[in-house]
Amino acid sequence: MIIIMKPGASDAQVKHVIERIEAAGLKTHVSRGDELTLIGCIGDEAKVERLNWSATPGVERAERITKPWKIASRQMHPAASVVDVQGVKIGGGRLTFLAGPCTVEGREMILKGAQVVKENGGQILRGGAFKPRTSPYDFQGLGEEGLKLLSEAGKKYGLPTVTEVRTLAHVPKACEHCDMLQIGARNMQNYDLLREVGQARKPVLLKRGFAATIKELLLAAEYILSAGNTQVVLCERGIRTYETATRFTFDVSAIPVLKEQTHLPVIFDPSHAAGKASLVPPLARAGVAAGADGLIVEVHHNPEEALCDGDQAILPKVFKALVVELKAIHGIIKQRSV
Ligand code: PEP
Ligand code: MN
């Protein structure tokens with residue numbers, strides 16, 4: 001249920017509505033736009049539906065939120081949300097570039113990686129320290145040491161950092177060193193972890209599970225939002241289909257579908273979808289043309305020697321050209337949507 005306040009409703013009227021909802025045993029989520037204030041009721045809707053809202057001062061009307069994802073829904077928050085990662089914004093008509101190696105492999109390597117990202121138009125540095133590897137025999141990441149190195153590299157080049165957390169214990173460590181927490185595809189439905197990052201005071205990059213529907217992705221986001229963290233960015237990274245020519249199948253349609261259903265920023269990851277460097281630029285063009293707010297892409301200055309995902313890492317010069325091209329595509333998309 002959302003209570004839509006009249007334009008110009010006073011703070012006291014908004015407060016009164018919140019008190020009525022809370023007295024009925026529900027939580028509230030307030031969304032203040034330039035003109036409209038919406039108050040979401042989170043909990044058993046039947047308890048507030050029977051209250052006489054048309055007689056409540058300052059209230060325009062009450063509406064049922066038809067989707068199971070309440071806080072994430074566009075209905076609750078018609079304007080696009082903007083997530084701020086240490087001054088770098090994602091959403092609201094921008095195109096944001098998150099880039100870097102799959103994994104932090106060592107000090108020199110991540111410093112070089114950060115330099116490449118910074119000098120070629122990247123805005124947020126990615127790098128895994130707690131890697132989710134399919135095989136237990138593969139390089140698992142440098143752990144906390146990797147977080148420290150990522151942070152050092154980000155600071156040196158003025159780039160906020162994003163890194164994956166896999167367990168509850170990783171969250172405080174990543175919060176100490178990094179600026180954005182990534183929930184990887186394999187953990188999209190780890191509900192305890194979602195609740196934990198929901199309580200963290202850092203933006204979250206939530207990647208779609210490769211066997212998850214769009215509805216399940218939105219409900220995973222709802223776990224984080226309902227735990228109190230409104231800084232959530234969604235990421236389409238490819239789903240598993242019968243096709244084996246690519247590592248996963250890039251579900252480009254997820255981008256416009258998500259943009260219709262939610263106000264949260266939507267980015268995509270052409271690297272893990274493609275699994276092959278030559279396919280990354282064409283998929284990236286498609287994602288931007290489909291209306292994404294940004295992308296996260298794996299870049300490595302020496303993919304041959306990379307300890308993880310070398311096949312899909314693009315070279316710095318490819319990244320540089322891609323940034324220019326994607327900005328041009330984004331410019332066209334923006335003109336069309338005005
Ligand atoms: C990653 O971004 O490092 C990663 C492992 O991606 P995903 O969770 O999408 O597989
Ligand atoms: Mn990777």
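Computed from a predicted structure; not experimentally measured. Starting from 1, each residue takes its place in the sequence as its number. The analysis underlying the following values was restricted to heavy atoms, covering all of them including side chains, and did not include hydrogens, waters or symmetry mates.
- Checked by atom type and distance alone, the side chain of R201 pairs as donor or acceptor with a backbone atom of Q199 at under 3.5 Å.
- With 3.5 Å as the limit, one finds a donor-acceptor pair spanning the side chains of H272 and D309.
- Here the straight-line distance linking atom CZ of R20 with atom CG of N52 works out to 7.0 Å at 0.5 Å rounding.
- In terms of modelled atom types and a separation under 3.5 Å, the side chain of E298 and the main chain of I314 share no donor-acceptor contact.
- In terms of modelled atom types and a separation under 3.5 Å, the side chain of E176 and the main chain of K173 share no donor-acceptor contact.
- Side-chain contact check for F268 versus V288: some heavy-atom pair is nearer than 4.5 Å.
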| said: Before you tell me yes or no, could you show the steps for K207 and M188 under side-chain contact (heavy atoms from CB on, under 4.5 Å), namely the whole-Å CA-CA distance, both residues' side-chain angles and the distance that decides it to 0.1 Å? | reply: CA-CA 7 Å; K207 299 188 83 176; M188 190 207 83; over 6 Å; no
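- When the side chains of ILVMFWY residues are joined at heavy-atom separations under 4.5 Å, either directly or via intervening members, V171 and L206 end up in a single hydrophobic cluster.
- Counting heavy atoms from C-beta outward, I110 and P101 have side chains that approach closer than 4.5 Å.
- Taking each heavy atom of L125 and G100 in turn, the nearest pair found is CD1-CA, 4.3 Å.
- Following chains of ILVMFWY side-chain contacts shorter than 4.5 Å, one can reach I183 starting from L264, so the two form part of one hydrophobic cluster.
- Remark: K15 NZ to S10 OG distance equals 10.5 Å, nearest 0.5 Å.
- In summary, the side chains of N302 and E305 do not present any donor paired with an acceptor at a separation below 3.5 Å, with no hydrogens or angles considered.
- The pair E236-R208 meets the salt-bridge criterion, since a charged nitrogen lies less than 4.0 angstrom from a carboxylate oxygen.
- With hydrogens and angles disregarded, no donor-acceptor distance shorter than 3.5 Å links the side chain of T262 to the backbone of L258.
- Residue D293 is tested with R94, K89, H330, K259 for a side-chain hydrogen bond (donor to acceptor under 3.5 Å, both in side chains); the sole match is K259.
- Checked by atom type and distance alone, the side chain of Q140 pairs as donor or acceptor with a backbone atom of D138 at under 3.5 Å.
- The closest side-chain heavy-atom distance from T249 to E243 is below 4.5 Å.
- Shortest non-hydrogen contact noted between A277 and A313 is CB-O, 3.5 Å.
- Residues L218 and L234 meet the side-chain proximity criterion, which asks for heavy atoms closer than 4.5 Å.
- The main-chain N or O of L149 is never found under 3.5 Å from a side-chain atom of R107 such that the two would form a donor-acceptor pair.
- The aromatic rings of F97 and F319 stand perpendicular to each other, their planes meeting at an angle above 60°, with 30° marking the opposite boundary.
- With hydrogens and angles ignored, the 3.5 Å screen pairs no side-chain donor or acceptor of D269 with any backbone N or O of C235.
- The cationic group of R166 does not satisfy the cation-pi geometry with F130, failing either the under 6.0 Å distance to the six-membered ring centre or the 45° limit from the ring axis.
- Under a 3.5 Å cut-off, the side chain of D179 and the backbone N or O of Q86 do not form any donor-acceptor pair.
- For the pair K27 and E22, the salt-bridge criterion is not met [side-chain N within less than 4.0 Å of a carboxylate O].
- Minimum interatomic distance between A292 and I255 (heavy atoms only, all atoms of both residues): N-CG2, 3.6 Å.
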| request: For R74 and E260, run salt bridge (Lys or Arg N to Asp or Glu O under 4.0 Å): C-alpha distance rounded to whole Å, both residues' side-chain angles, the deciding distance at 0.1 Å, then the answer. | output: CA-CA 7 Å; R74 267 275 178 198; E260 273 183 18; over 6 Å; no
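- If you take CG on D311 and SG on C308, they are separated by 10.5 Å, rounding to the nearest 0.5 Å.
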| Can you check side-chain contact (heavy atoms from CB on, under 4.5 Å) on L38 and V30, steps first, answer last? | CA-CA 6 Å; L38 310 181; V30 182; over 6 Å; no
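- Proximity of a side-chain donor or acceptor of R133 to a complementary backbone N or O of F139 within less than 3.5 Å is detected.
- Looking at H300 and E105, their side chains do bring a donor and an acceptor atom within 3.5 Å of each other.
- For the atom pair H263 NE2 and S31 OG, the distance stands at 7.0 Å (nearest 0.5 Å).
- Between E63 and R61, at least one side-chain N (NZ, or NE/NH1/NH2) sits under 4.0 Å from a carboxylate O, which counts as a salt bridge.
- Looking at every heavy atom in both residues, P7 comes nearest to E60 through CD-OE1, 3.9 Å.
- Residues Q182 and T163 have side chains that never bring a donor and an acceptor to within less than 3.5 angstrom of each other.
- Cluster membership check: I124 does not share its hydrophobic cluster with V232, using side-chain heavy-atom separations under 4.5 Å among Ile, Leu, Val, Met, Phe, Trp and Tyr.
- Residues Q261 and K67 approach most closely at OE1-CE, 3.1 Å, considering heavy atoms.
- Heavy atoms of other residues, nucleotides or ligands lying less than 6.0 angstrom from NZ of K320 number 12 at most.
- A distance-only check finds a donor-acceptor pair linking the side chain of E222 to the backbone of A72 [under 3.5 Å].
- Annotation: cation-pi geometry satisfied between R237 and F248 (NZ/CZ under 6.0 angstrom from ring centroid, within 45° of ring axis).
- Taken together through direct or relayed side-chain contacts under 4.5 Å among Ile, Leu, Val, Met, Phe, Trp and Tyr, I224 and M180 form parts of separate hydrophobic clusters.
- The line from OG1 of T66 to CD1 of I2 is 8.5 Å long, rounded to the nearest 0.5 Å.
- A salt bridge is defined here as a Lys NZ or Arg NE, NH1 or NH2 lying under 4.0 Å from an Asp or Glu carboxylate O, and E45 with R64 meets this definition.
- Contact annotation: the side chain of P203 never approaches that of V233 to less than 4.5 Å [non-hydrogen atoms, C-beta and beyond].
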| task | Just do the side-chain contact (heavy atoms from CB on, under 4.5 Å) check on L193 and T167 with the steps written out, would you? | result | CA-CA 7 Å; L193 188 57; T167 70; 5.8 Å; no
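- Using modelled atom types and a 3.5 Å distance limit, the side chains of Q312 and R247 yield a donor-acceptor pair.
- Residues V197 and L150 are members of separate hydrophobic clusters, defined by side-chain heavy-atom contacts under 4.5 angstrom among Ile, Leu, Val, Met, Phe, Trp and Tyr.
- When all heavy atoms of I296 and P270 are compared, the closest pair comes out as O-CD, 3.5 Å.
- When L98, L159, T96 are each tested for a side-chain contact (heavy atoms from CB on, under 4.5 Å) with V88, only one passes: T96.
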